[in-house]
**Q** 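I have a structure I would like to understand better, so I am pasting it below and will then ask my questions one at a time.
The sequence lines fix the lettering, A, B, ..., with proteins before strands; numbering per chain opens at 1.
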Amino acid sequence: MVQRTVHPVVKTIFMALLILWGISVIYPLIWTFMDALKDNQQFYFNMPWAFPELPLHWSNFSYVWNNYNFGKYFINSILVTAGGTILGLVLASTTAYTIARYKFMGGKALYLIYISSMMVPFSLALIPLFFLMNDLGLINNPLGLILVYASNTLAFGIFVLIGFFRSLPKEMEEAAAIDGAGYFGTFFRIMLPLSRSGLISVGIINVLDIWNEFIVGTILVNDPTRYTLPIGLAAMQVEMQYKTEWGPLFAGLLFTIVPVLVVYMFAQRHIVSGLVAGAVK
Amino acid sequence: MTFTVKKTAAGAMAIAMSLAVLAGCGGNSGSNNSAANSPAPASNTPANTAAPENTSAGGGEATKLSGDFTIQYFVGGYGDKWWKQVIADFKTANPDLNIKEEAGPQINTQNKPKWIAGDPPDFVYIDGPELNDRQMAEDGLLEDLTEWMQTATNVDGVKILDLLAQQPPQYGGKIYNVPLVLNSWGVFYNKALFEKNGWTEPTDWDSFIKSSEAIKTAGTTPFIHTGKYPYYINSSILFPAIVSANGNDYKLFQDMGNSDVEAFKSPAVLEALNKIVELRDKGFIDKASVSINHTDSQMLFLQNKDAYIPNGLWLPNEMSKDVPADFKFGFIPSVTQKPGDKVVANTSTATVAIAKNGKNKEAAKAFMQFIFSVKQASKFAELSGAPSNIKGDISSSSAPDFVKQAAAYLTADSTVVVPTVTFNQDVDKAMQDATVALTIGKIDPQGWVDRVVKVVEKVKK
Amino acid sequence: MKLGGAKLQRKLFIAAFIIPTFLYFCLFTIYPILQALYNSFFDWSGMSQFKDYVGLQNFKDLLQDPIMLNAIGNDYFLVAGKVIGIMLIATFFAIALTRLRIRGAGFFRSIFFIPNVLSVVVVGVLWGFIYNPQIGFLNAFLSLFTKEPVTINWLGFESHSIWMLLPPTIWAGIGFYMILLIAAITNIPESLYEAADIEGAGQWHQFWHISLPLVWEQMKISIINIMMTTLNGSFVIVTIMTAGGPDNSTQVMGSYLYQQAFKQAHFGYGASIGIAILTTSLVTTLLLQWLLRREQVEVS
C-alpha cells in the first residue's frame with residue numbers, strides 16, 4: 001500500500017525518536033554489564049559511562065554467585081511463577097466462563113466482588129496473610145507463595161477472560177449442545193481451546209507479575225534457600241548497606257535481569273501475540 | 001475494649017522486621033531502638049535475690065554443659081570476627097556443647113518464624129534493623145534476668161553488673177538484656193586530609209566552624225551526612241548540642257526521651273537547632289546528603305570529597321574494605337560545645353539477651369558469663385573495632401587507635417557521657433523528618449519545635 | 001433432553017465452576033483484607049498483645065494528618081503524570097510502529113517492552129544510580145556542558161522530588177501499554193484506512209477519525225489500569241528510591257501505610273490508610289469512567 005501522506009521528514013523525526021527511546025532502554029542494560037566489571041574506585045573516580053578498566057573484575061560475578069544463591073533463587077522463581085500462573089489460570093477461566101456465558105443468581109455480585117478486589121491495596125492484607133500462612137504451615141514453602149500469588153491473579157484474570165469468553169460466538173455452544181456435548185465437554189473441548197490466545201495473554205501478564213513480585217515474598221519467605229530472584233536482589237541491596245559494593249550489586253542486577261531477558265527473547269512472539277489477542281475484545 | 005492476641009502480636013513484630021528489609025538501617029540499630037531508659041540497676045532489687053540457676057558462681061567450668069546451644073547474632077558494622085572467636089573459645093571450654101550459629105546481616109529477618117513459633121535460639125545479640133529490645137521484652141520473648149543479674153558473676157568470678165560501663169536497660173522495672181557494646185556517636189574527620197592541608201582539628205564549635213571555612217575555601221565540602229537516615233545527624237550533632245546548651249546536664253535530654261512536652265520547648269533545643277542552621281546557611285552541608293543512605297555518605301567521606309561526617313564508632317570497621325591505605329580517621333564525640341567546655345558523648349549500645357523459650361538457658365547464661373570478661377572486652381575492641389561495655393583499660397590492647405581514642409573519651413572526666421536514650425518511635429521519626437527539613441531550609445528551628453511538639457503532645461495523650 | 005435433569009446439571013456445572021474459585025479467593029484474598037479492615041478500628045501496634053477499640057478515631061486522625069494529605073496529593077500527581085506521560089508516548093509509538101510502516105517496527109516493539117519484564121527492584125536500583133548526585137549518570141552527563149561539575153541532588157529537592165519518580169515509572173510502563181494499543185490498532189479493519197486513503201485523508205485525519213475512536217475503549221482500560229496500579233503499587237518504587245523522603249515530601253499513601261503499620265507500629269492507623277486508598281481508587285475509577293465515557297464505535 002502507498003503511504004503517500006507521510007512526509008519523509010516527519011518519518012525521519014519519528015525514526016529518531018524511536019531510536020532515542022530504544023537507546024534509553026538498551027543502554028542501561030549495557031551499562032549494567034560494564035559496571036558489573038568495575039571496582040569501587042572506578043565508580044568514584046571515573047565517569048559513569050567509562051569502560052571498565054583492566055583487569056576486568058570478573059570476580060564480582062563469582063562473588064555474587066558464591067555469596068548469594070542466585071542459582072537457587074532462579075529455580076524457586078521458575079517454580080513459583082509456573083505454579084502460580086497455572087493455578088490462577090485454571091481458577092480464573094472456569095469462573096470467567098461461567099459468568100460470561102450463563103445467567104445465574106449472584107453472578108453480577110460475584111463479578112463485582114472480583115473486580116472491586118483489584119482496587120484494594122494488598123499491602124494492607126500482609127499481616128493477616130502472614131498468620132494465615134503460618135497457621136497452614138506454609139511459611140518458607142513455595143506452595144505458600146504459589147497459593148497466594150494465584151489468588152492475587154484471579155481478579156485480573158477473570159476480568160480479562162470474561163471479555164474474551166463473551167466475544168466467542170453463541171453458535172459454538174449451540175452446535176456443541178446439538179452434538180451432545182455436556183456443559184463440561186463444551187467448556188473443555190470447545191470454549192477453552194478457542195480462547196487459547198486469551199489464556200496466553202492473561203498467563204503472560206501473570207508470569208510477569210509473579211516473577212517480579214517481592215513484597216508478599218518478603219513476608220512469607222525468610223529462608224534464603226527459598227528466596228525468589230526479586231527477594232534475593234532486595235536482600236542483597238540491604239546487605240549492600242553494610243558494605244558498599246557497587247560492582248557486585250550490578251553483577252547481582254545482571255543475574256536478575258538476564259534470565260528474564262532470555263525468557264523474553266524466546267517467548268517474545270507468544271508474549272506479544274498473547275497480549276495482542278487478549279487486549280482487544 | 002481489650003483483646004488478647006498473643007500469637008498475632010509476635011507475628012506482626014516479625015513482619016515488621018521482615019519489612020525492614022526495604023528500609024535498611026545503620027550498622028548499629030539506630031539512634032533509638034538499641035537500648036534503654038535511664039539505667040537504674042539496683043534500685044529495685046527483688047526481695048528474693050537467691051538465684052537458683054546461678055550455682056556456678058566461679059564460672060562456666062563448674063557445670064558440665066551439653067546438648068545443643070544456638071546463638072543468633074546480627075553481622076553488621078562490627079563484623080563477625082569477634083563472635084567467631086569467642087564462640088570457638090567457648091566451645092573449647094565446653095567440648096560437650098554442640099554450638100550452632102545463626103548469623104548474618106539478615107539473621108533478624110530470617111529467624112523471625114522461629115521466634116513466633118516459640119522455638120527461638122537460646123542466646124540473641126540484639127542489633128541491626130528493627131530488632132528492638134524494648135518490643136522483644138514487652139512481647140515476652142526474652143528471659144527475665146532481673147534476679148539472676150543481681151548476683152551473676154563472670155568466668156573470672158567478678159560480678160557482671162560491677163563490670164558494666166553502662167547498666168542494663170529496664171522495662172517495667174525488669175532486666176531482660178545486657179549491653180555488650182558501648183559505642184558513641186560523634187563526628188569523624190579525615191585526619192590525613194587535615195594534616196595535608198594544615199587544617200586545625202576541631203575541639204569545639206568555634207574551631208569546627210573555622211576549620212570548615214578553611215575546608216570550603218580549599219574546595220572541599222566540609223560536611224556530609226545521610227539524609228535518608230537522619231538519626232545519624234540527630235544523634236551526633238543535635239543531641240550533644242542540646243546537652244551542651246543545657247549546661248552539660250542531660251536530664252533535659254532524658255526528659256525528651258520520656259516525651260515531656262516542656263523539654264522540647266526548652267531554649268537549649270532551639271540553640272542546638274541553630275547550630276545546624278549555621279552549618280546550612282554557611283553552605284557547609286554537602287548537597288548530596290539529603291537523599292543518600294549512610295554507606296553512600298561514608299564512601300564520599302572516604303574518597304576525600306567531604307571532610308566531616310557524623311557517625312558512630314563502627315564506621316571504620318564497617319567500611320574497612322573501602323578505606324584507602326593512606327586514610328586516617330579522626331574522631332570527636334561532639335563538636336557543638338563552647339570552647340573550653342566538656343565534650344559530650346551520646347552513647348549507643350547493643351545488647352545481648354536470653355530467649356524465654358530457649359531450650360538451653362544454662363548454656364546461655366554460662367555464655368553470658370563467658371563473654372562479659374575483661375579478656376573478651378579487649379578482644380572485642382580489637383576485632384570489632386568498637387569499645388565493649390566492660391570497664392577496663394584497653395590502651396595496651398591492639399585495638400585500633402580511634403577505638404582507644406574513643407574509649408579514652410568515654411572514660412575521661414572532661415567528657416559528659418550521656419546514657420543511651422530511647423525515644424518514642426513517633427517522636428523519633430518526627431525529629432528525623434524535621435531535621436532533614438531544617439537542613440534543606442524548608443523550616444526554621446521554631447518550625448522544628450512546633451512540629452515535634454505536636455507529635456509529642458499526641459503521643460502523650 | 002430431559003428438562004429437569006438439564007436444569008440440575010446446569011446448576012451443578014455452575015456450582016462446580018464458581019464455588020471452588022470463590023472459596024479459594026475468599027481464603028487467600030478476601031479474608032486477609034477483611035481482617036485488616038477490621039483492625040482499622042483499633043489502636044494496635046501490631047506488636048503488642050493488646051488491641052484497643054477506638055472506633056473511628058484513626059479516621060479522624062487521618063483527616064488531620066498533614067503527611068497524609070501530602071501523600072494523597074503525590075498519589076494523584078503520579079497518577080496524572082503517568083497517565084499523561086505513558087498514554088502520550090505509548091500512543092505515539094503505537095501509531096508510529098503500526099500506521100507508518102517504519103522499518104524495524106518489530107525490533108523496536110520488542111525492545112520497548114524490555115523494561116516491563118524487569119522487576120521494580122531492578123528499575124529502582126538502576127534509576128537510583130542515574131540520579132546519584134555524586135557518582136550518578138545524570139550529573140556526570142550534564143557536567144560535560146558546564147564549567148563547574150554539576151552536583152544536583154535529584155532526589156533531594158526540598159519539594160518537587162516527586163517529579164523525579166515520574167521518569168522511572170513512565171520508562172518502565174510504556175512498553176506494556178504500547179503493546180496493548182498496537183493490538184487495538186492492528187485490530188482495526190484495514191479497509192477503513194484504505195477507504196480513508198482513497199478519500200485522500202491524511203495520517204493525522206486518520207488518527208483522529210479512525211485510530212483514536214476505535215482504540216478508545218482500550219485507552220480507557222489502560223488509563224484506569226494505570227490509575228489503579230499507581231495508587232496501589234507506586235509505594236514500591238517510592239520505598240526503594242526515596243523511602244518517602246526527604247521530609248515525607250515523596251510519601252504516597254501506600255508508602256505511608258507501610259511506614260505507619262510496619263515501621264512506626266501503628267497497625268490500626270495503617271489499616272485506616274488502606275481504607276483511604278480503597279476509597280480514593282473507587283471514587284477515581286467511577287469518576288474516570290464518567291469522564292472518559294464516549295459513544296462506543298461499532299465496527300461491522
**Q** Is A/Ile19 in contact with chain C via its backbone, its side chain, both, or neither, using a 4.5 Å heavy-atom distance?
**A** both

**Q** Does the side chain of C/Thr29 reach to within under 4.5 Å of the side chain of A/Leu154, using non-hydrogen atoms?
**A**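 Counting from C-beta outward, C/Thr29 and A/Leu154 never come under 4.5 Å.
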
**Q** Heavy-atom distance under 4.5 Å between the side chains of C/Phe25 and A/Thr95, does that happen here?
**A**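 When only atoms from C-beta onward are counted, A/Thr95 and C/Phe25 do not touch, as no gap falls below 4.5 Å.
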
**Q** Chain C heavy atoms under 4.5 Å from A/Leu136: which part of the residue, side chain, backbone, both or neither?
**A**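 A/Leu136 touches chain C through side-chain heavy atoms alone.
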
**Q** For the CG atom of A/Leu18 and the CZ atom of C/Arg103, what is their distance to the nearest 0.5 Å?
**A**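 Result: 13.0 Å between the selected atoms.
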
**Q** If you count heavy-atom pairs under 4.5 Å with chain C, which of A/Thr32, A/Val148, A/Leu17, A/Ile99 comes out on top?
**A** A/Leu17

**Q** In terms of ring plane angle, is the pair A/Tyr114 and C/Phe22 parallel, tilted or perpendicular, where the classes change at 30° and 60°?
**A**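 Rings of A/Tyr114 and C/Phe22: perpendicular, over 60°.
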
**Q** With a 4.5 Å heavy-atom cut-off, do A/Asn152 and C/Phe28 have their side chains touching?
**A**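 SC-SC contact between A/Asn152 and C/Phe28 ruled out.
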
**Q** Restricting to side-chain contact (heavy atoms from CB on, under 4.5 Å), what partner residues turn up for A/Asn212, sequence neighbours left out?
**A** C/Ser119

**Q** Does any non-hydrogen side-chain atom of A/Trp21 lie less than 4.5 Å from one of C/Met178?
**A**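 Heavy-atom side-chain distance check fails, nothing below 4.5 Å.
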
**Q** Any side-chain heavy atom of C/Trp127 sitting closer than 4.5 Å to one from A/Pro28?
**A**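 Side chain of C/Trp127 against side chain of A/Pro28, heavy atoms only: no contact under 4.5 Å found.
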
**Q** Which atoms of C/Trp204 come close to chain A, meaning under 4.5 Å heavy atom to heavy atom: side chain ones, backbone ones, both, or neither?
**A**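 Contact with chain A is absent: no heavy atom of C/Trp204 under 4.5 Å.
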
**Q** Quick one, A/Phe14 and C/Phe92 - any side-chain contact, counting heavy atoms below 4.5 Å?
**A**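 A/Phe14 vs C/Phe92: side chains touch.
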
**Q** What part of A/Phe156 gets within 4.5 angstrom of chain C, counting heavy atoms only: side chain, backbone, both, or neither?
**A** neither

**Q** Classify the angle between the aromatic ring planes of C/Phe17 and A/Tyr97 as parallel (below 30°), tilted (30 to 60°) or perpendicular (above 60°).
**A**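 It falls in the perpendicular class, over 60°.
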
**Q** Hey, which of A/Leu253, A/Leu233, A/Ile231 is the one that makes side-chain contact (heavy atoms from CB on, under 4.5 Å) with C/Val121?
**A** A/Leu233

